S.K.: 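The structure is given below, and queries will be raised subsequently.
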Amino acid sequence: MRKMLAAVSRVLSGVSQKPASRVLVASRNFANDATFEIKKCDLHRLEEGPPVTTVLTREDGLKYYRTMQTVRRMELKADQLYKQKIIRGFCHLCDGQEACCVGLEAGINPTDHLITAYRAHGFTFTRGLSVREILAELTGRRGGCAKGKGGSMHMYAKNFYGGNGIVGAQGQIFEAYNMAALWKLPCIFICENNRYGMGTSVERAAASTDYYKRGDFIPGLRVDGMDILCVREATRFAAAYCRSGKGPILMELQTYRYHGHSMSDPGVSYRTREEIQEVRSKSDPIMLLKDRMVNSNLASVEELKEIDVEVRKEIEDAAQFATADPEPPLEELGYHIYCSDPPFEVRGANQWIKFKSIS
Amino acid sequence: MAAVAGLVRRPLEQVTVREAINQGMDEELERDEKVFLLGEEVAQYDGAYKVSRGLWKKYGDKRIIDTPISEMGFAGIAVGAAMAGLRPICEFMTFNFSMQAIDQVINSAAKTYYMSGGLQSVPIVFRGPNGASAGVAAQHSQCFAAWYGHCPGLKVVSPWSSEDAKGLIKSAIRDNNPVVVLENELMYGVPFELPAEAQSKDFLIPIGKAKIERQGTHITIVSHSRPVGHCLEAATVLSKEGIECEVINMRTIRPMDIETIEASVMKTNHLITVEGGWPQFGVGAEICARIMEGPAFNFLDAPAVRVTGADVPMPYAKILEDNSVPQVKDIIFAIKKTLNI
């Protein structure tokens, strides 16, 4: 008995940097994976859809949890920094929609190409940029992913084409559908349907709100966008469809944003607080994944709480960097107007103010 | 006494630019039932920038219409409505989004009266915020004064003060031609004293006429929209040094009131132009070219100088953005250089 106690105490003191629960966790037996039922997708012009069950490994589950939590906390930090006026201009947050960007990335390869509109911070992260680079871009500093010149809506990465500020060109979407179908382009068109276009509900803006059918001759899926496993399976299905040479496919992800359209929209004049609260309590994507993992013994509550702590620290560090990093140097105001060109002079506010432009 | 005071309007009322535009639209909606407003969030949201606050409540679904996010589509619908005899006010949430619809503005609205040999008019107003705001970056900060000012068939106005905003929106709505009204988001909340005559429901500011905001003798400064305020600031600073600037508020980009500018230059012998837009092929460039073509050229003692936005897409970082728009110090510098001080 004494020997055992001594051994335990040695072990505990040996891992004195980590809380005692770590030791307990390491010795617990978790399941390697678990099978879950997922909601059947509504189908348009498809005989079969994605599977209605999926296997989630512990490793993937922990990864998805951490990623979604990182996006969530990053967005909330951005909210805070915006209210402190450290972030300026437009800021469109995606908290509530984490299952979309994380689930999508889980179903595609890093070599696939992705483009989106202005609610882009989550995608910027899942496409490979760090929280530091994203927050520093939001605060307009030289360490930002666009060197502080782009801001919230203009973040780019390898195989990620932004971040775009001009949207809503419904006609252009139909032009794109037509050409993609005509030329059998391997393209997944995704609608993150969060029920509102700025302050206008979908019922007031769309003659048909069955967005997954709006590709007409293009097959479509309507997916539960709050369930990351559903999003992942649908994406895998859609990607396989495209890669097999059948042409484009459409995915409508039914999701929800907790924030208003942007930081200048309180988000409660066109929807009720009750509605927001209901989604939060019943359909929060992070909560759904957590419950599944804990109930299937893929992870423990404590373990996930630790991830929360680590994520918070990561975000805090990134925010520190983003607020302390200096602004881009004034001399670089004219840089990167053209690509692959020799240097030239750029005119400032009058003919005596000149900036150098290099590619 | 208190009851009577409540009924009487004070002679000089402080009204923000936003309220002035709202009043102007409200008065014209009331005056003519063919007038209506359409655009994104203009009705139930009260306007993205609250410019149309209260109008939907007052006039209802038939006169104040929320559109889907489809600029090309709803601009086209508005042009068609104008052709058929209605008087639409088509709002672009910002003029950056008008690029999605620019074919309708130019090809369907601006050119039609000419192309039809005078048969088909298009009494439409396109309005919304134009130019730089604060921190909204490259795709949301462009000034379209030069782009729209370039086109025959369009009228283009650019109000600065509340008086400008109210008088010009009313004139634009009553005009039987397509009129582009370039507002400014940063000016929406700025209060101005509205003179008594501006409180009349028939108060109009004529399109095509500039206003001399400040008289001076040493140099003419021509500007439009928000920079007019910066010019007046510069003039105040320089006045302490004995330099008196004449500040002209263009009010209209097209048709340009070149006569007022010429008369002023013939008095002061010096000219600078100030605008928020890019330098190349801009409003200032046009003014300089016209001065050379007219009588004022021979009165210039120094080349005319342009103060403009920097020739770059608008950067996001504050230090870069601040240096991409004309500041008071840039105006003062240009004035002193021109006057050789």
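None of these values were measured; they are calculated from a predicted model. A note on names: the letters A, B, ... follow the listed sequences, proteins ahead of strands, and every chain is numbered from 1.
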S.K.: Please flag which part of B:Glu321 lies under 4.5 Å from any non-hydrogen atom of chain A: side chain, backbone, both or neither.
M.R.: side chain
S.K.: What's the separation between atom CD in B:Glu41 and atom NE2 in A:His261, rounded to the nearest 0.5 Å?
M.R.: 8.0 Å
S.K.: Determine whether more than 12 heavy atoms belonging to other residues, nucleotides or ligands lie under 6.0 Å from atom CZ of B:Phe281.
M.R.: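 Atom CZ in B:Phe281 is not packed in, count stays at 12 or less.
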S.K.: Side chain, backbone, both or neither: which part of A:Arg204 has a non-hydrogen atom closer than 4.5 Å to chain B?
M.R.: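 Just the side chain, heavy atoms under 4.5 Å.
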S.K.: Is the CD atom of A:Glu275 crowded by more than 12 outside heavy atoms at less than 6.0 Å?
M.R.: yes
S.K.: Between B:Val312, B:Leu320, B:Val274, which residue shows the highest count of heavy-atom pairs closer than 4.5 Å to chain A?
M.R.: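 Of the options given, most contacts go to B:Leu320.
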S.K.: If I measure from the heavy atoms of chain B, does A:Thr200 come under 4.5 Å with its side chain, its backbone, both, or neither?
M.R.: both
S.K.: Might you point out which heavy atoms bring B:Ala317 and A:Gly140 nearest each other, and give the distance in Å?
M.R.: CB-O, 3.3 Å
S.K.: Considering only heavy atoms, which portion of B:Tyr49 lies under 4.5 Å from any heavy atom of chain A: side chain, backbone, both, or neither?
M.R.: side chain
S.K.: Please confirm whether the ring centroid of A:His154 lies under 6.0 Å from the ring centroid of B:Tyr316.
M.R.: no
S.K.: Given that the side chain runs from C-beta out, which part of A:Ser152 has a heavy atom under 4.5 Å from chain B: side chain, backbone, both or neither?
M.R.: neither
S.K.: Hey, what do you get for NE2 (B:His140) to OH (A:Tyr118), rounding to the nearest 0.5 Å?
M.R.: 8.5 Å
S.K.: When you look at CZ of A:Phe217, are more than 12 heavy atoms from neighbouring residues, nucleotides or ligands closer to it than 6.0 Å?
M.R.: yes
S.K.: Among B:Glu40, B:Met314, B:Gln100, which residue forms the greatest number of heavy-atom pairs with chain A at distances under 4.5 Å?
M.R.: B:Gln100
S.K.: Quick check on B:Asp66 against chain A: is it the side chain, the backbone, both or neither that has a heavy atom closer than 4.5 Å?
M.R.: side chain
S.K.: Does atom NZ of B:Lys57 have more than 12 heavy-atom neighbours, drawn from other residues, nucleotides or ligands, at distances under 6.0 Å?
M.R.: no
S.K.: Relative to chain B, which segment of A:Leu138 carries a heavy atom at a distance below 4.5 Å: side chain, backbone, both, or neither?
M.R.: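 Backbone of A:Leu138 only, per the 4.5 Å heavy-atom cut-off to chain B.
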S.K.: What do the steps show when you test A:Arg88 against B:Lys318 for side chain to side chain contact (heavy atoms under 4.5 Å, CB included), and what is the final call?
M.R.: CA-CA 9 Å; A:Arg88 311 152 59 231; B:Lys318 188 163 200 316; 3.6 Å; yes
S.K.: Closest approach of A:Arg347 and B:Thr308, non-hydrogen atoms and distance?
M.R.: NE-OG1, 4.2 Å
S.K.: Is the number of heavy atoms from other residues, nucleotides or ligands within 6.0 Å of NZ (A:Lys147) greater than 12?
M.R.: no
S.K.: Set out, in order, the CA-CA distance, both residues' side-chain angles and the distance that settles side chain to side chain contact (heavy atoms under 4.5 Å, CB included) for B:Tyr45 and A:Asp265, then state yes or no.
M.R.: CA-CA 10 Å; B:Tyr45 197 81; A:Asp265 169 34; 2.8 Å; yes
S.K.: Chain A: which of B:Asp322, B:Val305, B:Asn96 shares the most heavy-atom pairs with it under 4.5 Å?
M.R.: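 With the most close heavy-atom pairs to chain A, the winner is B:Val305.
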S.K.: Could you tell me which portion of A:Tyr270 (side chain, backbone, both or neither) has an atom closer than 4.5 angstrom to a non-hydrogen atom of chain B?
M.R.: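 For A:Tyr270, the side chain is the part near chain B, not the backbone.
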S.K.: Are any of the side-chain heavy atoms of A:Asn350 and B:Lys337 separated by less than 4.5 Å?
M.R.: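 In short, these two side chains do not touch, never coming nearer than 4.5 Å.
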S.K.: If I measure from the heavy atoms of chain A, does B:Ser133 come under 4.5 Å with its side chain, its backbone, both, or neither?
M.R.: neither
S.K.: Looking at every heavy atom in both B:Ala310 and A:Leu333, which two are closest together, and how far apart are they?
M.R.: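 Where B:Ala310 meets A:Leu333 most closely, the heavy atoms are CB-CD2, 4.4 Å.
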S.K.: So what's closer than 4.5 Å to chain A heavy atoms on B:Ala48: side chain, backbone, both or neither?
M.R.: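 Both parts, heavy atoms under 4.5 Å.
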S.K.: Looking at chain A, which one of B:Ile272, B:Asp311, B:Ile69, B:Asn323 has the largest number of heavy-atom pairs inside 4.5 Å, strictly under?
M.R.: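 Sorted descending by pairs with chain A, the first entry is B:Ile69.
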S.K.: Count the heavy-atom pairs under 4.5 Å between each of A:Ala205, A:Gly171, A:Ala206 and chain B, then report the option with the highest count.
M.R.: A:Ala205
S.K.: Provide the closest heavy-atom pair for A:Val167 versus B:Glu71 in the form atom of the first, atom of the second, distance.
M.R.: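 Of all heavy-atom pairs spanning A:Val167 and B:Glu71, the closest is O-OE1, 4.3 Å.
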S.K.: Looking at chain B, which one of A:Pro328, A:Ser269, A:Gly334 has the largest number of heavy-atom pairs inside 4.5 Å, strictly under?
M.R.: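 Highest number of heavy-atom pairs under 4.5 Å: A:Pro328.
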S.K.: Does any backbone or side-chain atom of A:Ile337 lie under 4.5 Å from a heavy atom of chain B? Answer side chain, backbone, both or neither.
M.R.: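 Side chain only.
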S.K.: Less than 4.5 Å to any heavy atom of chain B: does that hold for the side chain of A:Ile87, its backbone, both, or neither?
M.R.: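 Both backbone and side chain of A:Ile87 come within 4.5 Å of chain B.
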